[in-house]
Amino acid sequence: MKTKLLMSVAALSLLGASGLASAQEKVTFQTNWFAQAEHGGYYQSVADGTYKACGLDVTIAMGGPQVSGRPLLLAGKIDFYMGGNMLQAFSAVQENIPVVIVAASFQKEPQVLMSHPGQGLDTWESLKDAEQYILGDEGFQSYFQWMITEFGFDASKRIPYTFNPAPFIANKKSVQQGYVTSEPYAVEKEGGFVPNQFLLADYGFDTYATTIETMRDTIDKRPEVVKCFVDGSAKGWYNYLYGDNKDANELIKKDNPEITDEQIAFSIEQMKKFGIVDSGDTEKLGIGAMTDARMQSFYDKMVAAKVMPAGIDIKKAYTLDFVNKGVGLDLKK
């Protein structure tokens with residue numbers, strides 16, 4: 001009798017464990033570029049089990065130049081997508097695409113302009129005196145139009161950016177675009193100097209960036225999944241920036257073997273220094289924070305710069321239902 005009872009308890013235990021395992025819902029998060037420290041919070045929550053703790057078995061699918069993530073989201077092939085800034089989200093509303101931003105992992109877009117130190121280009125205002133602006137098409141059509149409208153920069157000085165720092169290094173009177181976590185590192189390595197870095201966000205280009213996107217249908221039918229992923233990502237970013245991120249970095253290097261420990265360390269340092277992830281509203285509302293006022297401010301600037309048309313119902317582009325709750329603040333060391 002005792003043996004049968006023990007067997008029954010063991011069977012129930014196995015059933016319970018099986019039920020717990022089956023409760024782990026599989027979801028896929030598609031990034032928009034090769035694995036790097038700028039994705040660290042998500043990798044952290046995979047590595048340390050934060051996503052699993054709230055019921056998700058998360059796969060991070062690495063992006064790249066040949067991967068179009070948003071169509072995969074629209075087709076239901078992935079559950080969440082890592083967006084860029086809010087311009088894409090506003091455009092989605094304009095095109096009646098039911099994609100919704102549920103969190104903003106970056107409070108500041110990491111876009112910078114760089115100049116050579118000691119060449120009379122050491123302040124934001126003095127950048128207008130540069131001989132040329134080395135900018136990609138996307139930047140020229142977006143933030144540079146805002147710079148023209150807001151500050152009077154000269155479009156005729158622009159030359160295309162080919163993702164090679166050599167022209168910038170060679171011309172000491174030039175200005176080049178870059179991500180604060182990437183291009184300054186390349187310039188220092190190849191040019192032997194630390195460039196001046198002007199983060200556009202600090203001069204008024206106040207878009208959110210590295211957003212978490214999902215479909216409206218996912219929010220309506222699986223709100224607990226969205227909540228788990230948003231909360232888990234916020235906790236991941238706190239643990240990645242302020243805790244032990246070794247395992248997360250190993251996952252990043254596994255997905256992207258070309259990245260180095262030195263590059264990762266540089267990117268983390270820059271994210272902290274410039275408040276890319278954790279600054280402003282996050283200090284009270286938590287990482288991932290968004291506000292209506294900030295969304296409206298950026299949209300108004302883009303309309304004034306003729307980057308976006310007036311009349312878009314931008315509140316369809318995002319929801320505040322899953323953020324601003326202070327999740328993860330207790331993890332900040």
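All residue numbers in this chain count up from 1 along the given sequence.
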Checklist entry - Is K108 salt-bridged to D202, going by a charged N under 4.0 Å from an acidic O? => result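 Answer for the salt bridge query: yes.
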Next on the checklist: Regarding K189 and E262, does a basic nitrogen lie under 4.0 Å from an acidic carboxylate oxygen?
Outcome noted: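 Yes, this pair counts.
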Expected output: side-chain [X] to main-chain [Y] donor-acceptor under 3.5 Å:
{"X": "Q145", "Y": "F140", "answer": "yes"}
{"X": "S45", "Y": "Y51", "answer": "no"}
{"X": "K128", "Y": "F151", "answer": "yes"}
{"X": "Y299", "Y": "I312", "answer": "yes"}
{"X": "S182", "Y": "Y179", "answer": "no"}
{"X": "N245", "Y": "L241", "answer": "no"}
{"X": "T31", "Y": "G63", "answer": "yes"}
{"X": "R294", "Y": "D206", "answer": "yes"}
{"X": "Q176", "Y": "S115", "answer": "no"}
{"X": "K301", "Y": "G204", "answer": "yes"}

From [X] [atom1] over to [Y] [atom2], what is the distance, rounded to the nearest 0.5 angstrom?
{"X": "E183", "Y": "E190", "atom1": "CD", "atom2": "CD", "result": "10.5 Å"}
{"X": "T291", "Y": "L320", "atom1": "OG1", "atom2": "CG", "result": "7.5 Å"}
{"X": "M271", "Y": "E269", "atom1": "CE", "atom2": "CD", "result": "11.0 Å"}
{"X": "S267", "Y": "K272", "atom1": "OG", "atom2": "NZ", "result": "12.5 Å"}
{"X": "W146", "Y": "E150", "atom1": "CH2", "atom2": "CD", "result": "6.5 Å"}
{"X": "L73", "Y": "I97", "atom1": "CG", "atom2": "CD1", "result": "10.0 Å"}

Pairs in or reaching into [range]: which pass disulfide (SG to SG under 2.5 Å), with residues at least two apart or in two chains?
{"range": "residues 26-101", "result": "C54-C228"}
{"range": "residues 110-200", "result": "none"}
{"range": "residues 248-302", "result": "none"}

Checklist entry - If every non-hydrogen atom of K26 is compared with every non-hydrogen atom of D57, which pair is closest and at what distance? => result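 What the structure gives for the nearest pair is NZ-OD2, 2.9 Å.
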Checklist entry - Where is the tightest heavy-atom contact between T28 and A61, given as atom of each residue plus distance? => result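 Taking T28 first and A61 second, the nearest heavy atoms are CG2-CB, 4.0 Å.
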Considering residues at least two apart in sequence or located in another chain, which fulfil the side chain to side chain contact (heavy atoms under 4.5 Å, CB included) criterion with [X]?
{"X": "D247", "answer": "A47"}
{"X": "N256", "answer": "F34, A35, M62, E258, I259"}
{"X": "A289", "answer": "Q107, D281, T282, L285, N324"}
{"X": "N32", "answer": "H39, Y81, M82"}

Residue pair [X] / [Y], side-chain donor-acceptor N/O under 3.5 Å:
{"X": "T181", "Y": "Q270", "value": "no"}
{"X": "D292", "Y": "Q296", "value": "no"}
{"X": "D154", "Y": "Y133", "value": "no"}

Checklist entry - Is there a salt bridge (Lys or Arg N to Asp or Glu O under 4.0 Å) between K173 and D129 once you walk through the steps? => result CA-CA 8 Å; K173 295 294 185 180; D129 298 326; over 6 Å; no
[atom1] of [X]: more than 12 outside heavy atoms within 6.0 angstrom?
{"X": "E224", "atom1": "CD", "answer": "yes"}
{"X": "K316", "atom1": "NZ", "answer": "no"}
{"X": "K227", "atom1": "NZ", "answer": "no"}

Next on the checklist: With a 6.0 Å cut-off on the ring centroids, do Y240 and Y238 count as close?
Outcome noted: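 No, ring centres 6.0 Å or more apart.
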Next on the checklist: Taking the ring centre of each residue, are F205 and F298 less than 6.0 Å apart?
Outcome noted: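 Yes: the rings meet the under 6.0 Å criterion.
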Next on the checklist: Would M114 and F198 count as a side-chain contact (heavy atoms from CB on, under 4.5 Å) here? Give the steps.
Outcome noted: CA-CA 6 Å; M114 300 181 297; F198 301 90; over 6 Å; no
Next on the checklist: T211 vs Y318, test: side chain to side chain donor-acceptor pair (under 3.5 Å). Steps then yes/no.
Outcome noted: CA-CA 10 Å; T211 58; Y318 65 96; over 6 Å; no
Next on the checklist: Walk me through whether F322 and I101 qualify under side-chain contact (heavy atoms from CB on, under 4.5 Å).
Outcome noted: CA-CA 10 Å; F322 302 96; I101 305 299; over 6 Å; no
Next on the checklist: If the condition is ring-ring contact (aromatic ring centres under 6.0 Å, His included), which residues does W33 pass it with, not counting sequence neighbours?
Outcome noted: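 Residues passing ring-ring contact (aromatic ring centres under 6.0 Å, His included) with W33: none at all.
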Checklist entry - Mind checking whether F153 and F144 have parallel, tilted or perpendicular rings, split at 30° and 60°? => result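 Judged by the thresholds at 30° and 60°, the geometry between F153 and F144 is perpendicular.
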Checklist entry - Parallel, tilted or perpendicular: which fits the ring planes of F229 and F80, with parallel below 30° and perpendicular above 60°? => result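 Ring orientation of F229 relative to F80: parallel.
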Checklist entry - Can you name the salt bridge (Lys or Arg N to Asp or Glu O under 4.0 Å) partners of D330, sequence neighbours left out? => result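 Checked D330 against salt bridge (Lys or Arg N to Asp or Glu O under 4.0 Å); zero matches.
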Item to check | side-chain hydrogen bond (donor to acceptor under 3.5 Å, both in side chains) involving Q119 - partner list, sequence neighbours excluded | outcome: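 With sequence neighbours excluded, Q119 shows a side-chain hydrogen bond (donor to acceptor under 3.5 Å, both in side chains) to no residue whatsoever.
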Checklist entry - Given side chains that start at C-beta, do those of D48 and Q44 come closer than 4.5 Å, heavy atoms only? => result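 Yes, at least one pair of side-chain atoms sits under 4.5 Å.
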For residues 83-92, which side-chain donor-acceptor pairs fall under 3.5 Å, sequence neighbours excluded?
{"residue": "N85", "atom": "OD1", "partner": "L87", "partner atom": "N", "Å": "2.9"}
{"residue": "N85", "atom": "ND2", "partner": "E109", "partner atom": "OE2", "Å": "2.9"}
{"residue": "Q88", "atom": "OE1", "partner": "N85", "partner atom": "N", "Å": "3.2"}
{"residue": "S91", "atom": "OG", "partner": "L87", "partner atom": "O", "Å": "3.1"}

Checklist entry - Any side-chain hydrogen bond (donor to acceptor under 3.5 Å, both in side chains) pairs touching residues 63-79, not counting sequence neighbours? => result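 Sorted pair list: R70-E213, D79-R222.
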